[in-house]
2 protein chains.
Amino acid sequence: MKRNSRLSSTLHILVHMAETQEHALTSEQLATFIHTNPVVVRRTIAGLRDAGIVTSSRGHGGGWQLGRAPEKISLAEISAALGETLLPFGTEPESPGCLVEQAVIAALDDFRVEAERLLAEKLSRITLADLAADFHRRYELIGVTSHAV
Amino acid sequence: MKRNSRLSSTLHILVHMAETQEHALTSEQLATFIHTNPVVVRRTIAGLRDAGIVTSSRGHGGGWQLGRAPEKISLAEISAALGETLLPFGTEPESPGCLVEQAVIAALDDFRVEAERLLAEKLSRITLADLAADFHRRYELIGVTSHAV
DNA sequence: AGACTCGTAACTAAGTAAGTTACATGAAAC
DNA sequence: GTTTCATGTAACTTACTTAGTTACGAGTCT
């Protein structure tokens, strides 16, 4: 798992879980999907469990499953549950008395609030089901291609 | 200069430069504004020079000045010149053959392209002159307050 | 010539996040 | 109830990124 790919990796995992709703997948299995360590998986998606996006169970036959239907899980929720920041830049004061800095921070914060609202809105329109559907589309395509060739 | 505050710090510097258009400011002076090192300043705003946002001159009386009027410098240009990414998450393939991953990356890239266009558009509407104007507003306010109290 | 300032390379230090190890906790199977 | 399997989590290591620093060459004004 590369840096800054937590959202992408988590989505990868979740789509696999959407494809396997009949039984739970272990962190071990999930880890192989994104070429990493089971512990990293557990740590990464722990927040999703708290948000009800996935459920986990221990012991024999345990593992991870979606907490609700893929249609009801939006990328906005996933991103939020991961604790991801949509915008990368910081605006914490470094010289609290400086009016120039205050003006800069005010402008940047306004922008940030508006931008985050916008991005969250966009992300909330994409669901896990959409990704799964796209996956199936690609799967069909490969199938057709294989027959054709 | 804290991490992830490059945009904010650079704006701070640029507004100061907008306030001092009659003469150049040295990296040394700029560095004190954002509590850092002259070399860090030079390194950080080197990209702005290449983009024509600022000019630099060497030797006695040298330093940095705005390359054009503050009204003509947008935050979008500044952000781009700094090489900042507006969106933090990565979408590079880690398992090139996996159709699930392909679907995830496709969705994320679509979102990213659209989101970046949107953010850049928003940032292009804010100019250095706007920040300077806000600074002056704050300055007046303090003045009034001082008189009142 | 001397003082000053940028340009840049090379190195150091600090902070962040992934990867790893280890072990406790809980649940199912036998 | 013991064994096996899986999560939960803490602690540590490693890799990477970026700010900070030092040093010095090159250009410019007095």
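Each chain gets a letter, A, B and so on, in the order the sequences are listed, and its residues count up from 1. Every heavy atom of this structure was used, including side-chain atoms; hydrogens, water molecules and symmetry mates were not.
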Tell me the interatomic distance from [X], atom [atom1], to [N], atom [atom2], rounded to whole angstroms.
{"X": "A:L25", "N": "D:dT7", "atom1": "CG", "atom2": "P", "answer": "10 Å"}
{"X": "B:I45", "N": "D:dA19", "atom1": "CD1", "atom2": "P", "answer": "14 Å"}
{"X": "B:W64", "N": "C:dC4", "atom1": "CH2", "atom2": "C1'", "answer": "15 Å"}
{"X": "A:R49", "N": "D:dG8", "atom1": "CZ", "atom2": "P", "answer": "4 Å"}
{"X": "A:F89", "N": "D:dT18", "atom1": "CZ", "atom2": "C1'", "answer": "19 Å"}
{"X": "A:D50", "N": "D:dT7", "atom1": "CG", "atom2": "P", "answer": "16 Å"}
{"X": "B:E94", "N": "C:dG19", "atom1": "CD", "atom2": "C1'", "answer": "14 Å"}
{"X": "B:H23", "N": "C:dC4", "atom1": "NE2", "atom2": "C1'", "answer": "16 Å"}

Side-chain donor-acceptor contact under 3.5 Å, [X] with [Y]:
{"X": "B:T44", "Y": "B:R6", "answer": "no"}
{"X": "A:H16", "Y": "A:Q29", "answer": "no"}
{"X": "B:T55", "Y": "B:W64", "answer": "no"}

Quiz item: Would you say B:S74's side chain and B:E77's backbone share a donor-acceptor pair under 3.5 angstrom?
Solution: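 Side chain of B:S74 to backbone of B:E77: a pair is present.
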
Exercise. Return the set of residues passing side-chain contact (heavy atoms from CB on, under 4.5 Å) with A:S95 (not counting sequence neighbours), or none when no residue passes.
Key: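 Residues passing side-chain contact (heavy atoms from CB on, under 4.5 Å) with A:S95: A:C98, A:E101, B:H12, B:H35.
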
Quiz item: Quick check: are there more than 12 heavy atoms from other residues, nucleotides or ligands sitting under 6.0 Å from NZ of B:K2?
Solution: yes

Quiz item: Taking atom NZ of A:K72 as the centre, does the number of heavy atoms from other residues, nucleotides or ligands within less than 6.0 Å exceed 12?
Solution: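 Not buried by this count: 12 neighbours or fewer within 6.0 Å.
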
Quiz item: Considering only heavy atoms, which members of residues 34-42 of chain A lie under 4.0 Å from some atom of DNA chain D?
Solution: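 Heavy-atom cutoff 4.0 Å gives A:V39, A:R42.
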
Exercise. Answer with base, sugar-phosphate or nothing: what part of the nucleic acid does A:R6 contact at a heavy-atom distance below 4.0 Å?
Key: sugar-phosphate

Self-check item: Below 4.0 Å: OP1/OP2 of C:dC6 and any side-chain N or O of B:S27
Solution: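 Yes, within the criterion.
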
Quiz item: Has B:S56 got a side-chain N or O lying under 4.0 Å from the OP1 or OP2 atom of C:dT5?
Solution: no

Quiz item: Mapping A:R43 and A:G62 to their closest nucleotides on DNA chain D, which lands nearer the 5' end?
Solution: A:G62

Self-check item: Shortest non-hydrogen contact from B:G61 toward B:A24
Solution: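 Closest approach of B:G61 to B:A24: O-CB, 4.1 Å.
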
Self-check item: Where protein sits on nucleotides 25-30 of chain C, one letter per nucleotide: B base, S sugar-phosphate only, - none, heavy atoms under 4.0 Å
Solution: BBBS--

Quiz item: Do the side chains of B:I105 and A:I13 join up, straight or via other hydrophobic residues, at under 4.5 Å, putting them in one cluster?
Solution: no

